[in-house]
Every structure is written in structure tokens, then in C-alpha cells.
Asks: 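The structure is given below, and queries will be raised subsequently.
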Amino acid sequence: MAASSTAPARVRFAPSPTGFLHLGGLRTALFDWLYARHTGGQFILRIEDTDQKRFNPDSLNDLMRSLRWLGLAWDEGPDIGGPHAPYVQSERRALYRQYADWLVEQGKAYHCYTSEAELEELRAKGLPYDRRHRALTAEQRAAFAEEGRASVIRFAAPLTGTTTVHDAIRGNITVENASIADPVLLKSDGLPTYHLAVVVDDRLMEITHVLRGEEWIPSAPLHQLLFEAFAWPAPIFVHLPVILDPSGKGKMSKRKTVVDGREFSPFVRDYITGGYLPDAMFNFLTNMGWSFDAEQEIFTREEAIARFDVTDISPKATALPFTKLDWMNGLYIRQMEPARLQEELAPYVAADLGLDVANLRTDRRLAELTPLIQERIKVLTEATALIDWAFVPASQILYPDPTQLIGKKLTAAESLHVLETGAAVIASIEPFAAPALEAAFRSQAETMQIKVGSFLAPFRVAITGRTVSPPLFESMHVLGREETLARLANATQTLRAYATAAV
Ligand code: GLU
């Protein structure tokens with residue numbers, strides 16, 4: 001679909017399943033996906049789980065659910081396989097070992113027997129690994145092995161010179177090779193470190209572009225050196241800007257933050273349950289570090305795909321404007337076909353009110369209420385509080401404050417009269433529809449010389465139990481004639497009891 005002169009890119013999202021996916025991770029996946037789609041290439045999901053200590057079994061489901069929710073389907077991945085399966089690093093361990101051994105044979109890596117206690121001594125002095133086993137003789141190695149010492153494989157980084165990594169949006173990043181202190185490639189448990197696994201997999205999976213958070217910049221020169229050691233061309237690196245806390249001061253925290261009195265979470269799962277639309281989140285996150293153009297901030301997925309290019313990503317860190325997300329979500333809600341919005345609302349309303357979601361999807365009341373609240377909600381979770389009155393029996397509409405049933409500048413007796421007059425209109429009006437009801441009520445108010453607002457207020461409270469509700473006559477229609485009359489009867493009784501007691 002993507003019309004582009006760029007060659008098809010192979011782009012991977014390579015999360016470590018250590019916790020719930022946060023918005024920064026989702027943005028990385030989104031940019032990966034956009035670039036793959038823009039070039040007509042592939043988006044690959046790879047699970048980097050070689051750090052078994054930090055593995056969190058819940059995070060894989062959370063991750064896949066989050067990506068699916070946003071509509072980021074992967075072309076190759078752990079669940080669907082692909083030409084380079086498996087896509088979970090812990091299932092590829094034999095492979096990494098081969099590559100580590102090959103580097104050892106080539107003299108580009110070596111076995112290191114330094115014990116944990118010895119390393120701790122160095123750390124305590126603030127020193128990096130001192131390459132003490134870089135030049136062991138075969139006899140020395142044998143002696144360590146004899147002692148029963150475990151070994152790791154370390155990279156023999158060049159001792160002099162510099163290494164330059166080219167980042168597509170940041171330019172050249174150069175470091176002194178001497179600062180790369182022979183990092184571990186293969187751990188004593190036989191599992192690779194991130195550095196070895198990422199390089200081997202990016203090569204074997206034919207990754208052309210590596211998009212990842214800027215926290216990986218310090219690792220990039222080592223990766224570059226590893227690509228060179230294997231005599232492989234390196235992919236194009238794009239280090240994405242970090243997402244800042246709304247204050248703009250630090251990296252976005254792993255906890256909830258309060259902005260303008262509202263709580264915002266860094267975790268994608270909270271937006272799924274929080275009533276956000278995937279299309280709105282997609283649009284919002286695409287704007288975080290990339291812009292469609294100088295003016296337009298609302299665009300479709302297709303428009304973004306057609307225009308997205310990695311070189312247009314800004315390296316500047318941005319704070320997430322959470323309130324804008326709410327605004328954008330409200331905008332997407334207002335743009336939706338009511339029938340689709342009903343489908344989206346159904347699960348939330350069903351969960352809140354203990355109703356059957358399948359029934360709600362086709363429920364007449366929800367179908368009528370949806371366009372009435374469409375302008376009034378920013379997130380789907382706000383709907384229930386506006387419409388719950390329509391889904392309970394009349395007996396559950398309570399009037400703890402009967403004075404709310406009294407119209408402005410009216411007495412209790414006058415309001416009772418208003419309610420009774422209205423009930424008579426409702427009982428006989430044909431058709432029982434909002435325009436006819438409105439005309440009849442307005443003319444009744446005029447006849448009784450009561451301001452329309454004062455005349456209508458008691459009815460709103462009577463049928464919804466609230467002083468604020470969706471439009472009154474449409475609300476009556478949602479309930480139907482019988483149910484409306486039942487509620488008016490209850491309200492009238494409550495107000496009469498109040499008026500009697502007050503005398
Ligand atoms: N596994 C790394 C992470 O979770 C990915 C780094 C990369 O994309 O190279 O952040």
C-alpha cells in the first residue's frame with residue numbers, strides 16, 4: 001500500500017518482558033510499525049528475555065495485548081513465527097553460544113574466569129573490569145577450569161583508537177575504544193548478554209533499521225564493534241528521544257502522575273481500561289517526536305504511513321501533554337459514527353452496571369443515548385455516570401434531596417402541580433417523541449406563566465435522579481411512556497410527602 005521510493009525496511013520491536021508496557025515503549029513500537037508500513041517492509045516482534053532475573057511472566061501478555069489494541073500487527077513474532085523463528089531469545093541460546101565461540105576462535109573474544117568476589121573488589125573501588133584474563137595462556141585457562149571456576153566470554157575490544165556510530169537523526173557518536181572495558185557477551189549460565197544477542201539477532205533477522213530509546217546510545221559503539229568483529233554491515237541506528245515527565249524535568253516516571261487534577265499512568269494497560277480509543281492514542285503518540293507537518297496534528301493512520309520517515313524524527317526529548325490526549329480522545333469520540341461508538345461504549349457500561357455486553361451492543365436505549373452524550377465525554381469511562389439512570393428500574397431512582405424537585409422560584413405546591421400537569425401531557429401525547437413533547441411542555445409552561453427552565457427542572461430530576469442529564473425529552477423517549485410516568489409518580493409522591501411534612 002505504501003507508496004515510497006524507499007527500499008522495504010525490516011524493523012523490530014525488541015522489548016524485554018520485565019514489566020508492563022509503558023507509553024514510551026509503545027511509541028517505539030509505533031514508529032517501528034509506521035516505518036515498516038511506509039516502506040512496505042516488515043515489522044518484527046522479538047522478545048529479549050535473556051535476563052532471567054528480571055523476567056516477569058505477566059508482561060508478555062500485557063505487551064501483545066497493548067500492541068494489538070493500538071493496531072500494530074506484527075509480521076513475524078513469537079506467536080506467529082516467521083522465517084527467522086524462534087523470536088524469543090531464550091529459545092535461541094544455542095545459536096548465541098556458536099557465535100561467541102567463533103569470536104573466541106578468531107581471537108576477538110576470550111574466556112574470563114574472574115570470580116564474583118574479585119569483580120566486587122573492582123566495583124568497590126569504582127573500577128571497570130581490568131581485562132586481567134584477556135591474554136591467558138592455555139595452561140592458565142586449564143588451571144582455572146581445574147579449580148572449578150565458571151567462565152564468561154568477554155569481547156576483546158580494541159585498546160586504542162575510536163569508534164563512530166552514525167545515528168540517522170543525531171549524526172555521528174564517537175567514543176574512545178579504551179572506554180569499552182571488554183564487556184561480557186556470554187554469561188556463565190550460557191545465556192548471552194543483551195549486547196551479543198541483539199547484534200546476532202539483528203543480523204540473522206536481517207534488520208535494516210534499529211529504532212530504540214536513547215538510553216541505548218552508550219551501547220551503540222559496542223554493537224558497532226561487534227558488527228565489525230563479525231564482518232557484518234551494521235543496521236541504521238535511530239535512537240528515539242526520551243519521553244519526559246509532564247513537568248518536563250525528568251524521564252517519565254513509572255508511577256502515576258497528576259496533571260490538572262487528573263491522574264495519568266505511564267502504562268498502556270491503564271489507557272485500555274481507561275476508555276481511550278486506539279485511533280486517538282495512535283494519533284497522539286505519533287505526534288511525540290514526529291510531526292505530520294507544521295499545522296496538522298490530526299491525521300489518519302494511512303496519512304501517517306504515507307508520510308512517515310525516520311529521518312524526520314526529532315531527537316529532542318518531549319514531555320507527554322496528557323491533557324491533549326484527553327482532548328484528542330474527545331475529538332475522536334465526536335467524530336465516530338454513533339453505531340460504532342455504541343459498540344465501544346458497551347463493554348464499559350456493561351462492566352459498570354453489571355449488564356450483558358452483547359445485549360448492550362444492540363440495546364435500543366444505549367443506541368438512543370449514545371448520540372446524546374457523544375459531545376459530553378472525553379473518555380469512554382465517563383459515559384456510565386451520564387446514562388446509568390436509564391438502565392435501572394424506577395424504584396432505584398431516589399430523591400434524597402426532594403427540594404431538587406422544586407423548580408426555581410416555584411413553591412413545592414407549584415412544582416407538584418407542574419409534575420402532575422406534565423404527567424397528564426405524557427400520558428396522552430401522540431406521538432410520544434421528543435419534538436412533540438418539547439412543543440407540548442413549552443406551551444404548557446407558557447399557559448401556566450412559568451419560565452421554561454423552572455418548569456422543566458423537576459422533570460429532569462424526577463426521571464434521572466440528577467440535576468444534570470442528557471437532553472430531557474430525548475431522555476423521556478429513551479425510557480418510554482410507561483417508565484417515564486412511573487418515575488414521575490414516584491417523584492410526585494416524594495415531593496408531596498416533603499411538602500406535607502414541611503407544613
Ligand atoms: N531489549 C531492549 C529493551 O527492552 C531493546 C533494546 C533494543 O531495541 O536494542 O529496551
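Each ligand, and each atom within it, is numbered from 1 in the order the structure gives. In what follows, every heavy atom counts, from backbone to side chain, and hydrogens, waters and symmetry copies are set aside. This one's a predicted model, so the numbers in the text were calculated from it and none came from an experiment.
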Asks: Hey, which of L331, D326, I333 is the one that makes side chain to side chain contact (heavy atoms under 4.5 Å, CB included) with N329?
Replies: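 Of all the options given, the one that passes is I333.
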Asks: With no hydrogens and no angle check, just 3.5 Å: does a side-chain donor-acceptor pair link T164 and T174?
Replies: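 A pair is found: one side chain offers a donor N or O, the other an acceptor, under 3.5 Å apart.
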Asks: Measuring from non-hydrogen atoms of Y194 to any atom of ligand 1, is the shortest distance under 4.0 Å?
Replies: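 So Y194 counts as touching ligand 1.
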Asks: State if R12 counts as touching ligand 1 under the rule of any non-hydrogen atom under 4.0 Å.
Replies: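 Flag set, R12 near ligand 1.
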Asks: Once the angle between the rings of F322 and Y271 is folded into 0 to 90°, is it parallel (under 30°), tilted (30 to 60°) or perpendicular (over 60°)?
Replies: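 Rings of F322 and Y271: parallel, as their planes differ by under 30°.
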Asks: Under 4.0 Å from any heavy atom of V198, which atoms of ligand 1 are there?
Replies: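 Every atom of ligand 1 under 4.0 Å from some heavy atom of V198: 9 (O).
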Asks: Could you identify the single nearest non-hydrogen protein atom to atom 1 (N) of ligand 1 and state the distance to 0.1 Å?
Replies: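 Among all protein heavy atoms, the one nearest atom 1 (N) of ligand 1 is E48 OE1, 2.7 Å.
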Asks: Report the relative orientation of the aromatic rings in F308 and F31; use parallel for angles under 30°, tilted for 30 to 60°, perpendicular for over 60°.
Replies: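 Aromatic pair F308/F31 classed tilted.
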Asks: Ignoring angles and geometry beyond distance, decide whether A14 reaches within less than 3.5 Å of ligand 1 through its nitrogen or oxygen atoms.
Replies: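 There is such a contact, yes.
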Asks: Does the plane of the ring in F292 sit parallel, tilted or perpendicular to the ring in W290? Use 30° and 60° as the thresholds.
Replies: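 Correct class here is perpendicular.
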Asks: At a 4.0 Å threshold, what atoms of ligand 1 neighbour a non-hydrogen atom of S16?
Replies: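 Once the distances to S16 are compared, the set is 1 (N), 2 (C), 3 (C), 4 (O).
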Asks: For P15, which part has a heavy atom under 4.0 Å from ligand 1: side chain, backbone, both, or neither?
Replies: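 For P15, only backbone atoms sit under 4.0 Å from ligand 1.
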Asks: Classify the side-chain pair R212/H239 by whether it contains a donor and acceptor separated by less than 3.5 Å.
Replies: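 Yes, H239 and R212 have a side-chain donor paired with an acceptor closer than 3.5 Å.
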